[in-house]
Amino acid sequence: MLRTLYTALGARGWRLHLIGLGGRLPPKLLAESRVPISVALANIDDRVPDEVEGPVYAVDPRGEPAWRLEEPGLLVLDYSGGLQRALGAKPVSAAGLPSLTYEAAAVIYEFFVRRRVPPPPTGEAAYSRDPRSGVYLARKLLEAITVMDNYIVLEPSVVVFTLRRVYLARGIYLDASSYRVEVEPREGRVREVIEADAYTKRYRWRGRVRVVFEGRAATVEDWEGVVYRIELDAERRVACPAPGLCVGEGAGEPGEAPLGALGLG
C-alpha cells in the first residue's frame with residue numbers, strides 16, 4: 001500500500017498512519033515498497049490522527065462505490081475491523097475485490113488519481129515562430145515519446161533529425177552535440193536537454209540549438225531566443241505548438257500536411 005501511495009501521489013500531499021508498529025518502520029517494508037527512506041520518514045506516522053477534516057471511510061468490497069462519494073479526509077484499511085468501528089468509518093469500495101489490499105489500491109485510484117488527471121493541453125503557453133513548422137515539430141515530438149526506466153523522455157535522435165529538417169529550410173545545418181537526462185527519483189522529476197551545433201551553408205558555426213523537455217513542455221531555443229514551445233500530453237498523445245492549436249490522437253487535428261506545404265521539403 002505504501003508503494004501505491006507513492007507511485008500514485010508522489011512524494012508529497014499524503015500521510016500514512018501505520019498502527020501497531022511500535023514506532024519503528026520495518027526495513028522489509030521500505031525494501032519491498034521501494035519508497036525512498038526520506039519520503040517514508042516524512043509521510044508515515046504511527047498514531048491515529050487526532051483530528052480529521054472530511055469524511056472517514058474504510059475499505060470494504062461490500063461498501064458504497066467510491067465514485068458516488070466525496071474525497072475522504074481519512075481512508076482506513078483495517079484487517080481486524082476494530083479500528084473501523086472505533087472511528088465510525090463508512091464502508092467504501094471501488095472494484096469489489098476479495099482482497100482488502102487490492103481493493104484499497106482501487107479505492108485510492110478512484111479518489112486520488114482518476115479525479116486528479118490533468119486536463120488536456122490547450123496550448124495557452126505554447127509558441128511557434130512559424131506555426132507551419134510548429135505543427136510538423138509537434139507531430140514528430142509525439143513520435144519521439146518513449147519510456148526510460150518508467151520516466152517519459154524524448155528519443156534524442158528523432159528530435160535532432162526533425163530539427164535538422166526544420167532548420168534546413170532556413171539554410172542552416174545541425175550537428176548533434178550532447179544529450180542529457182536528469183532524473184530526481186524521489187520527486188519523480190525529469191529534465192532532458194538535447195543540444196546541437198548550427199552551421200551556415202558555408203559550414204561556419206552559427207550558434208547552438210537547445211531543446212529542454214521538462215514536465216509537459218518541450219522548449220527549443222537558438223541564438224535568437226525561444227523558437228518553439230510545444231505543450232505535450234504523453235498519455236493522451238496530444239501536442240500543442242500554438243495557442244488553441246493541438247495535434248495528435250483525439251485532438252480534432254487537421255489532416256497531415258505534406259512537407260513541401262510546411263516549407264520543409
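If you're wondering where the values come from, they're calculated on a predicted model, not measured in any experiment. The first residue of the sequence shown is numbered 1, and numbering continues consecutively from there.
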Electrostatic pair [X]:[Y] at N-O distance under 4.0 angstrom:
X    : Y    : answer
E224 : R129 : yes
E221 : R210 : no
R216 : E231 : no
D222 : R170 : yes

What closest approach, in Å, do [X] and [Y] show between heavy atoms, and which atom pair accounts for it?
X    : Y    : result
A144 : V158 : CB-CG1, 3.7 Å
A239 : I230 : CB-CG2, 4.0 Å
W223 : G207 : CE3-CA, 3.8 Å
G123 : C246 : N-SG, 4.4 Å
S133 : V166 : CB-CG1, 4.3 Å
A126 : C240 : CB-O, 3.2 Å

For this session: Show your working on side chain to side chain contact (heavy atoms under 4.5 Å, CB included) between V220 and L137 and close with a plain yes or no.
Result: CA-CA 10 Å; V220 182; L137 177 60; 4.1 Å; yes

Hey, are the side chains of [X] and [Y] touching, using non-hydrogen atoms and a 4.5 Å cut-off?
X    : Y    : result
E192 : E214 : no
S128 : Y136 : no
V181 : Y179 : no
P241 : R229 : no
D45  : H17  : yes
E155 : F161 : no
R186 : S38  : yes
V247 : V135 : yes

[X] [atom1] to [Y] [atom2] distance, which is reported to the nearest 0.5 Å:
X    : Y    : atom1 : atom2 : result
T7   : N150 : OG1   : CG    : 10.0 Å
L100 : L77  : CG    : CG    : 6.0 Å
K140 : L163 : NZ    : CG    : 12.5 Å
I108 : E103 : CD1   : CD    : 11.0 Å
Y6   : W14  : OH    : CH2   : 9.0 Å
E235 : R237 : CD    : CZ    : 9.0 Å

Problem set entry | Partner set under salt bridge (Lys or Arg N to Asp or Glu O under 4.0 Å) for R115, not counting sequence neighbours | E110

By side-chain contact (heavy atoms from CB on, under 4.5 Å) - contacts of [X] (at least two apart):
X    : answer
I152 : I145, V147, F213, A234
R62  : D60
V113 : A8, Y109

Determine, using the 4.5 Å side-chain heavy-atom cutoff (strictly less than), whether [X] and [Y] are members of one ILVMFWY cluster.
X    : Y    : result
Y228 : Y127 : no
L232 : Y151 : no
L75  : L9   : yes
L97  : V76  : no
V227 : W205 : no

Problem set entry | Under 3.5 Å side-chain donor-acceptor pair for S178 and E195 | yes

Exercise. Under the disulfide (SG to SG under 2.5 Å) rule, what pairs show up with a residue in residues 124-188, not counting sequence neighbours?
Worked result: none

Please answer whether the main-chain N or O of [Y] pairs with a side-chain N or O of [X] as donor and acceptor at a distance below 3.5 Å.
X    : Y    : answer
D233 : V238 : no
R189 : V183 : no
S33  : R3   : no
N43  : A11  : yes

Exercise. After noting the C-alpha distance and the side-chain angles of R12 and E187, does the key distance pass the side chain to side chain contact (heavy atoms under 4.5 Å, CB included) rule?
Worked result: CA-CA 8 Å; R12 305 173 189 274; E187 300 285 346; 3.0 Å; yes

For this session: Mind jotting down which residue pairs meet the salt bridge (Lys or Arg N to Asp or Glu O under 4.0 Å) criterion with at least one end in residues 144-154? Sequence neighbours excluded, please.
Result: none

Exercise. With a 6.0 Å cut-off on ring centres, are Y167 and Y173 close enough?
Worked result: no

Problem set entry | Steps toward side chain to side chain contact (heavy atoms under 4.5 Å, CB included) verdict (I194, V212) | CA-CA 7 Å; I194 301 169; V212 178; over 6 Å; no

Exercise. Around E182, counting heavy atoms of other residues, nucleotides and ligands shown, do more than 12 lie under 6.0 Å from its CD?
Worked result: yes

Problem set entry | Test log, rule side chain to side chain contact (heavy atoms under 4.5 Å, CB included), inputs Y199 and L174 | CA-CA 6 Å; Y199 298 87; L174 295 188; over 6 Å; no

Problem set entry | Qualifying residue for side chain to side chain contact (heavy atoms under 4.5 Å, CB included) with R164, from T162, V160, L168 | V160

